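Before any comments, here is the structure.
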Amino acid sequence: MNSRNFSQVGRSVPRIDGPAKVKGEAIYTDDMVLPRMAYGKIKRSPYAHALIKKIDYSKALALPGVLAVITGEEAPNKWGIVPQTANEVALAVHKVRFHGEGVAAVAAIDEETAEAALNLIEVEYEPLPVLLDPFASMKRAKEVRIHEEAPDNILHQAEQLFGDPDKAFAGCAYILEKEFHTSYVNHAFLEPHTSLASYDPQSGQLQLWSSTQVPHYLHRQLSIVLEMPMNRIRVTVPAVGGGFGGKGEASSADFCAALLSRKTGRPVRVTYERSEVFATNKGRHPCHMKMKIGLDKDGYIQAVDFDNTLDGGAYAGWGIVVMFYTASMIHLPYRVPNARARVRRVYTNKPTCGAMRGLGGVQPRYAMECMLDELAEMIGVSPYELKMKNAVESGYRSVSNLHVPHTEFKKCLQTVVDKSGYLEKHGKLPFGKGIGLAGGYYISGTAYTLYLSYKPHTTVLIRLDTEGGVTLHCAAADIGQGCNTVMAQMAAEALGVRYEDVHVVSGDTELGTFDLGSFASRLTYASGAAIKEAAKQINDKLFEVAAGMLGCRADQLEVKNCRFYSTFEPDKTIPWEKVVDVYTNTVGTLTGIGHFSPPRLKGIDLSRGARVQGANIGHSPTFGFSAQVIEVDVDVETGKVRVVKVTEAGDCGQAVNPMSVEGQVEGSIMFTLGQALYEEMKMDADGRMLNPSLHDYKVPTAMELPEIDSTIVESYDPTAPFGVKESGEGPVQPTIPAIANAVYDAIGVRFTELPITPEKVLKALKEKKEKEKQ
Amino acid sequence: MYLNHFEYYAPRTAGEAFELVGRLGDQAKVLAGGTDLMLILKEKLIKPQYLIDINGVKEFQGIAYAAGKGAVIGAATKISEVEHSAIIRDKYFALYQAAGELGSVQVRAMATIGGNSCHASPAAETPTPLVTLRARVVIKSAAGERQLPLEDFILGNRKTVLGVGEILTGFILPEPAPRSASRYAYIGLRNAMEIDAVNMAVNLVLEDDGRTIKDLRLVMGSVAPRPLISAEVPAILVGQEFGSELVGKAAAAAAGEARPISDIRASAEYRREMVAVLARRLLQEAFDAAREV
């Protein structure tokens with residue numbers, strides 16, 4: 001199957017889920033109503049840091065229509081996406097650590113009664129000092145401790161050392177050292193968290209419908225919090241209105257719906273308000289970074305020294321993973337022979353930070369790509385020349401042991417520079433107009449499960465018979481990224497049928513076979529590998545039957561376009577359905593099952609605790625790459641930055657669905673453009689969020705959409721199933737630094753703090769003018 | 001986010017509406033587009049006992065224009081109708097621009113021009129050009145009618161002169177002077193869906209020479225509790241030939257007059273600076289446009 005002569009893979013087909021969504025007919029969790037369903041609501045803390053002295057919910061319980069009230073003490077088991085650092089609870093126990101943390105939950109016959117009941121719950125708090133800044137948090141740790149088990153208010157800190165950066169810096173001809181600060185941003189997905197739980201007291205079975213990207217991890221966390229075996233819980237994922245990492249772990253909505261359903265014996269649905277989405281956050285970590293890059297006299301990178309303080313908010317979440325990713329991300333897409341990273345993830349009394357599209361990459365990428373731009377200027381060469389000189393090539397292995405089996409990164413850089421006219425424009429545009437270049441990459445899947453098991457990450461079951469045709473089972477979650485469509489395309493390719501013929505059963509832990517979840521840009525690669533294996537089992541059986549029917553040998557057959565035919569005698573051919581019919585009539589339903597496990601790297605032995613630095617975070621079977629040239633107009637009177645044009649070129653390996661890739665790329669650019677220029681969660685001194693609505697939290701609108709010229713560069717990773725790589729997180733990486741570099745080209749100011757707002761631009765222009773006068 | 005319980009009335013005629021507002025008094029709120037009202041009801045900022053939906057009252061809707069006399073815009077006219085009216089675009093360009101910037105397409109289809117003034121948000125879009133264009137409001141009740149300039153109608157943040165039993169029923173816009181033009185602009189982070197950090201409208205009338213300013217009105221929004229009519233800009237420019245030096249002086253004067261605050265959207269300093277930028281730009285645009293008329 002390593003032929004590139006595909007018919008179903010590489011086809012721009014409409015999304016399977018597209019028509020229902022466009023017509024407004026897709027069923028999201030909040031659309032679902034079950035008989036006797038009750039409505040759940042969560043009472044939230046008005047303090048960012050306080051002890052809970054007393055909760056009295058007798059008045060709420062007495063309100064007609066209220067069915068049950070729960071508090072944290074009823075389900076105190078700690079959960080967390082990373083089991084080693086699990087420190088969250090369904091509802092706060094004894095203490096709240098951020099403004100808006102849940103302290104109690106109500107189930108009532110309707111939403112209005114539930115809301116009224118919340119106001120009747122009396123909570124007595126003893127306010128504690130509020131720590132909102134990670135540096136203040138570390139400094140005041142002796143006096144104010146957010147978690148008992150973290151005496152220094154640090155979740156985790158680490159140092160990684162590869163080679164000898166100090167020695168390397170000593171020999172460098174050019175050294176640049178700078179600080180960068182990124183902002184506190186949220187995913188702003190359209191659909192708020194929603195969860196509907198139905199517990200059956202007779203059977204002891206719980207079914208939960210949830211807007212989640214990780215049905216499996218949610219399944220595990222429910223088992224822990226509810227103290228129920230996993231095989232008594234079924235998680236189903238209806239249509240999901242976006243996740244971007246924010247639904248990459250369980251939410252209180254899931255636990256409260258489940259606990260209230262178990263308590264009342266009725267189905268209970270909990271849907272967040274937008275303010276609750278912001279209050280529970282799990283968005284991107286603000287990073288306070290120091291980076292030092294050294295080049296030799298010819299412009300080759302010799303060393304990188306990286307120091308990062310991550311503002312993690314109140315709980316652990318994905319924190320330790322994000323922290324190690326930021327350390328790992330300095331090793332690509334340029335050759336770095338010596339590197340050191342010192343990283344720490346600090347607790348503050350803010351809604352917790354977590355996973356967000358391109359996690360851990362966006363922040364260091366911003367720093368590195370801006371610094372390489374500046375270093376190019378120091379040397380007197382084009383940033384393009386410097387980046388091309390240092391760009392990695394296929395087969396590269398970083399000092400941190402990241403192996404890049406295949407890359408077309410240089411082709412990405414070349415393409416955007418050629419198509420945008422970067423070299424003709426850079427440094428030559430009139431004041432206020434600028435052009436910037438940046439590169440980036442991301443992983444295509446991870447090396448290990450978070451709970452350190454060697455089990456396969458994805459299992460695909462393909463079922464085939466006359467009656468049902470081809471049905472693909474996998475508990476993967478299509479959260480809008482399009483995995484159902486590409487799984488159908490890859491299965492069709494492998495079986496020699498059309499993608500329209502494949503039914504996909506996904507997003508359900510009972511009907512689907514195992515999958516880890518939608519994160520780390522892993523699904524196309526992982527499911528592709530499992531599909532190939534499952535399809536081979538099916539083809540082996542069908543080939544034998546077809547061979548018998550055609551009077552030739554099975555190993556001389558091929559299947560394509562719904563026909564079997566002999567490779568030697570093309571007139572020996574038979575329709576695929578006929579063979580399936582014969583197989584079904586004689587043997588019955590045919591199944592094939594395939595598993596995907598990431599390739600293991602030497603030097604890691606979980607049983608002995610031996611692992612490479614950073615617990616192997618950042619390791620991936622392959623990597624996707626992207627380069628962008630961005631053109632901006634800066635209004636030098638108002639300070640407003642307008643992104644005019646984005647030229648993008650990406651290496652996503654073989655594009656399974658090019659139209660879908662284009663959507664991912666355009667979405668990635670807009671997603672990140674917002675963080676570069678507009679988005680920021682703001683808090684007052686008490687930790688209360690000032691803009692917890694899409695009214696005041698400003699995501700870009702259609703009016704901010706620049707012209708986007710994207711290219712899928714010719715690429716095929718021979719080590720990957722169907723040659724594929726990721727495309728949903730790589731194109732996120734270059735956008736911020738490309739904008740920052742373009743703003744520098746336009747007005748001569750380098751912004752090292754996000755977002756780049758009009759007020760900051762105007763202030764910087766004034767300071768520049770003052771300096772020039774002196 | 002549940003509303004308090006209220007009784008809902010949907011009068012079909014102006015008479016019925018006046019009777020209801022008179023009878024129900026300050027326990028009632030008038031529902032026009034609802035794009036602001038529903039939000040403050042959800043936030044429980046107010047808890048009216050009654051809502052009087054005036055969307056069914058035809059007399060409160062529509063745009064009428066008589067050459068030489070001017071236009072009358074019904075208070076319950078949708079912003080989208082104002083935005084797409086050829087006559088508004090032709091005669092009252094600043095209002096056309098402001099209507100096109102209010103909220104989103106969906107909001108404009110619901111929101112009304114009267115509601116925008118009655119809600120009296122300091123950052124509102126349409127009061128700024130309406131005051132600039134010397135709009136008078138028509139206030140009616142069962143007892144009768146009164147008219148006053150819009151600047152006297154809006155008292156401050158969410159405060160108007162509207163008394164118990166009264167409804168704002170329309171705006172009267174005078175016929176634009178010959179050789180005049182109006183322009184509107186705002187400052188906000190994005191190019192749509194903004195709560196303006198600053199907005200401004202200018203109406204400029206030229207003498208027959210096409211250079212001398214005969215009359216001028218500049219109004220600022222979002223930099224004071226209500227639309228702020230510049231006194232200094234006309235004092236500097238009226239009777240003078242248009243020129244960049246004078247415009248610069250006028251812009252600085254406008255910035256001096258502004259009384260902005262710092263909030264989540266912008267700092268006071270930035271707002272003040274933007275007043276000068278908008279004044280410079282709008283004066284130039286309005287001047288260029290007036291020469292074309």
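Naming convention: chains lettered A, B, ... in sequence-line order (proteins, then strands); numbering from 1 in each chain. Please read these numbers as outputs of a predicted model, since none were measured by experiment.
Taking 4.5 Å as the limit, some side-chain heavy atom of E637(A) sits within range of a side-chain heavy atom of R280(B). Looking at N191(B) and K640(A), their side chains come closer than 4.5 Å, going by heavy atoms from C-beta outward. The shortest distance between side-chain heavy atoms of M193(B) and L694(A) does not fall below 4.5 Å. With a 4.5 Å cut-off on side-chain heavy atoms, Y270(B) and T638(A) count as touching. At a threshold of 4.5 Å between non-hydrogen side-chain atoms, the residues R190(B) and P700(A) do not count as touching. Residues M274(B) and L762(A) have side chains in contact (heavy-atom distance under 4.5 Å, counting atoms from C-beta outward). By the 4.5 Å heavy-atom criterion applied to side chains, E273(B) and E759(A) are not counted as neighbours.
Summarising the local packing, NZ of K249(B) is surrounded by 12 or fewer heavy atoms from other residues, nucleotides or ligands at distances under 6.0 Å. Around the CD atom of E772(A), the shell of radius 6.0 Å holds more than 12 heavy atoms that belong to other residues, nucleotides or ligands. The environment of NZ in K21(A) is crowded: more than 12 heavy-atom neighbours from other residues, nucleotides or ligands sit within 6.0 Å. Other residues, nucleotides and ligands contribute at most 12 non-hydrogen atoms within 6.0 Å of the NZ atom of K47(B). Counting heavy atoms of neighbouring residues, nucleotides and ligands inside a 6.0 Å radius, atom NZ of K159(B) does not exceed 12 of them.
Most heavy-atom pairs under 4.5 Å with chain A: of the set I187(B), L278(B), I195(B), this distinction falls to I195(B). For the set L677(A), D635(A), V641(A), the count of heavy-atom pairs under 4.5 angstrom toward chain B peaks at D635(A).
Classification of E273(A) and K42(B) as a salt-bridged pair fails, no side-chain N sitting under 4.0 Å from a carboxylate O. Under a 4.0 Å N-O distance rule, the pair K763(A)/E269(B) does not qualify as a salt bridge.
The nearest pair of heavy atoms linking E115(A) to Y2(B) is OE2-N, 3.0 Å. The shortest heavy-atom contact between A192(B) and E704(A) is N-OE2, 4.1 Å.
Neither the backbone nor the side chain of S104(B) comes within less than 4.5 Å of any heavy atom of chain A. When heavy atoms are compared at a cutoff of 4.5 Å, A276(B) does not approach chain A at all.
A distance of 9.0 Å separates CG of D263(B) from CG of D696(A), quoted to the nearest 0.5 Å. Rounded to the nearest 0.5 angstrom, I264(B) CD1 and L690(A) CG are separated by 5.0 Å.
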